[in-house]
Every structure is written in C-alpha cells, then in structure tokens.
Q: 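Below are the structure tokens for one structure; questions will follow.
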Amino acid sequence: MTSLETAKRIASILDSKKGEEIIVCNVGTQSTLADYFVIASGGSLPHVRAMCDEVEEKLSKEDGIEPQRIEGYQTAAWILMDYGDVLVHLFQEDSRKFYSLERLWADAPRVELPGRETGA
C-alpha cells in the first residue's frame, strides 16, 4: 500500500468513527517528517481515543500495518500516530484550534477525499 493509499484508508476509518473535519495534507514536498498528515477532531476524550483505537486495530488486522509509535493517548488532547510516511493527528476540538496545524501547513496541498471537498 502506498503512503497516499494509507492516508486515504486512515481518513476513511476516521470517517466511520464519526471523526470531524478530516483532512489529508500532502506535506512530502515541504517536510522530511512524512509524506502525508491526516488530521481529525473528536468531540471528547473518549471519542479521540476511540478513533485512535479503531485506526490502530483496522490497519493492523486488515492491512498488516503497525504504528511505529503512538504519543498522547493518556491525555488524548492530541494523539500522534506515526505510520512512517503518514502521521495521524487526532485532536480534541480545543487543542486543534490552539495548535492550528492546518494554518502551519497551509501551503501543503489537500488530498481530495470521496464525498468531501479539499478545503478545510
């Protein structure tokens, strides 16, 4: 699976868990950190954790992909899931507004997702 396919798969999993404001940014030309960022919000600590758990479980069981690491699960204000070329940022709404990754990476092209517009 390519990094783009992985990012889109993650976005689809997050959508199935009622993730909010899901975007995929192509940061590969602007950063050596990753090729893609997947960013989504949840309405509460349990919701953000549930999204993390679902991504980890589905990618592991269905696609054989394991995260290199997961940070922030305990507080769940901002969970970072590292899948190598794809970094997943899961936020509670207030934390997402505070850190404003979309603003920091505003020049990164957005990936079009089925049923969604690319603008955030």
Side-chain angles (χ1 to χ4, degrees):
M1 185 178 294
T2 68
S3 55
L4 175 58
E5 290 169 335
T6 301
K8 286 182 173 182
R9 171 87 167 112
I10 291 167
S12 175
I13 294 167
L14 293 171
D15 188 52
S16 75
K17 282 306 269 188
K18 308 294 186 212
E20 301 165 3
E21 298 181 56
I22 301 166
I23 63 167
V24 175
C25 298
N26 180 345
V27 297
T29 60
Q30 300 172 347
S31 173
T32 59
L33 293 174
D35 290 338
Y36 296 94
F37 283 179
V38 180
I39 304 170
S41 302
S44 65
L45 181 144
H47 186 200
V48 174
R49 284 186 183 159
M51 290 189 306
C52 178
D53 292 342
E54 188 79 357
V55 168
E56 183 178 17
E57 181 178 327
K58 291 229 180 203
L59 286 185
S60 177
K61 288 184 178 179
E62 297 175 11
D63 303 302
I65 302 171
E66 300 292 334
Q68 294 178 7
R69 70 179 173 271
I70 296 174
E71 301 286 338
Y73 188 86
Q74 191 62 34
T75 61
W78 177 0
I79 296 177
L80 173 66
M81 305 179 78
D82 183 350
Y83 283 96
D85 290 336
V86 179
L87 295 179
V88 183
H89 302 272
L90 305 175
F91 290 98
Q92 287 187 48
E93 293 170 10
D94 291 343
S95 294
R96 184 169 182 172
K97 288 176 188 172
F98 180 79
Y99 290 106
S100 190
L101 287 186
E102 294 93 333
R103 186 180 51 79
L104 292 173
W105 294 95
D107 293 338
R110 304 287 169 88
V111 174
E112 189 170 337
L113 300 172
R116 297 177 179 268
E117 294 186 20
T118 55

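Keep in mind it's a predicted model, so treat the numbers as computed, not measured. Note: hydrogens, waters and symmetry copies are ignored here, and every other heavy atom, side chains too, is used.
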Q: Considering all heavy atoms of both residues, which atom of V24 and which atom of Y36 are nearest to each other, and what is their separation?
A: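 Reported closest heavy-atom pair: CG1-CD2, 4.0 Å.
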Q: When you check the side-chain N and O atoms of S41 and E21, is any donor under 3.5 Å from an acceptor?
A: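 There is no such pair between these side chains.
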Q: Fit a plane to each ring of W78 and H89, take the angle between them on a 0 to 90° scale, and name the class: parallel (under 30°), tilted (30 to 60°) or perpendicular (over 60°).
A: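 Correct class here is tilted.
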Q: To the nearest 0.5 Å, what is the distance between CG (D82) and CG (L87)?
A: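 D82 CG to L87 CG: 5.0 Å, rounded to 0.5 Å.
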Q: Could you report the tightest heavy-atom contact between A34 and V27, atom names first, then the distance?
A: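 Nearest pair, atom of A34 first, then V27: O-CG2, 3.4 Å.
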Q: When rounded to the nearest 0.5 angstrom, what distance separates CH2 in W105 from CZ in R110?
A: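 Taking CH2 in W105 and CZ in R110, the distance rounds to 12.5 Å.
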Q: Does the distance from a Lys or Arg side-chain N to an Asp or Glu carboxylate O, for R9 and D63, drop under 4.0 Å?
A: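 So R9 pairs with D63 through a salt bridge.
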Q: So does L33 get a backbone contact from the side chain of S31, meaning a donor-acceptor N/O pair under 3.5 Å?
A: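 Yes, because the side chain of S31 sits within donor-acceptor range (under 3.5 Å) of the backbone of L33.
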Q: Taking I13's backbone N and O only, do any of them form a donor-acceptor pair with S16's side chain (distance below 3.5 Å, no angle check)?
A: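 At least one qualifying donor-acceptor pair exists.
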Q: How long is the straight-line distance from CZ of R49 back to OG of S44, given to the nearest 0.5 Å?
A: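 Between S44 OG and R49 CZ, I get 10.0 Å after rounding to 0.5 Å.
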Q: Please round to the nearest 0.5 Å and tell me the distance separating atom CE of M81 and atom CD1 of I70.
A: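 Reported value, rounded in 0.5 Å steps: 4.0 Å.
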Q: Of all heavy-atom pairs between N26 and A108, which one has the smallest distance, and what is that distance?
A: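 What the structure gives for the nearest pair is O-CB, 3.5 Å.
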Q: Same cluster for L45 and M51 if Ile/Leu/Val/Met/Phe/Trp/Tyr side chains link at under 4.5 Å?
A: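 L45 does not cluster with M51.
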Q: Around Q74, counting heavy atoms of other residues, nucleotides and ligands shown, do more than 12 lie under 6.0 Å from its CD?
A: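 Atom CD in Q74 is not crowded, with 12 or fewer foreign heavy atoms closer than 6.0 Å.
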Q: Measuring from atom CD1 of I22 to atom CG of D15, what distance do you get when rounded to the nearest 0.5 angstrom?
A: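 The distance works out to 4.5 Å.
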Q: With heavy-atom distances below 4.5 Å as the criterion, would you say the side chains of E56 and Y73 are in contact?
A: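 No, too far: nothing below the 4.5 Å cut-off.
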Q: Would a distance-only check, ignoring hydrogens and angles, find a side-chain to backbone donor-acceptor pair under 3.5 Å from Q92 to A76?
A: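 Such a contact is found between Q92 side chain and A76 backbone.
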Q: Please say which of V38, I65, D85, V88 ends up in a side-chain contact (heavy atoms from CB on, under 4.5 Å) with T6.
A: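 When V38, I65, D85, V88 are each tested with T6, the side-chain contact (heavy atoms from CB on, under 4.5 Å) holds only for I65.
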Q: Would you check if there is a donor-acceptor pair between the side chains of Y99 and D94 at a distance under 3.5 Å?
A: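 There is no such pair (donor and acceptor under 3.5 Å, judged by atom type) between the side chains of D94 and Y99.
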Q: Does the side chain of E102 come within less than 4.5 Å of I39's, by heavy atoms?
A: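 Yes; the side chains approach each other to less than 4.5 Å.
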Q: Please check this pair: side chain of Q30 against backbone of D107, looking for a donor-acceptor N/O pair closer than 3.5 Å.
A: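 Between the backbone of D107 and the side chain of Q30 there is a qualifying donor-acceptor contact (under 3.5 Å).
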Q: Can a donor-acceptor pair be found, under 3.5 Å and without considering hydrogens, that links the side chain of E62 to the backbone of L59?
A: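 Between the backbone of L59 and the side chain of E62 there is no qualifying donor-acceptor contact (under 3.5 Å).
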Q: Please check if any side-chain donor atom of S3 sits under 3.5 Å from a side-chain acceptor atom of D35, or the reverse.
A: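 The criterion, which ignores hydrogens and geometry beyond distance, is satisfied for D35 and S3.
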Q: Nearest 0.5 Å please: distance from the CD1 atom of I10 over to the CG atom of L90.
A: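 CG of L90 is found 9.0 Å from CD1 of I10.
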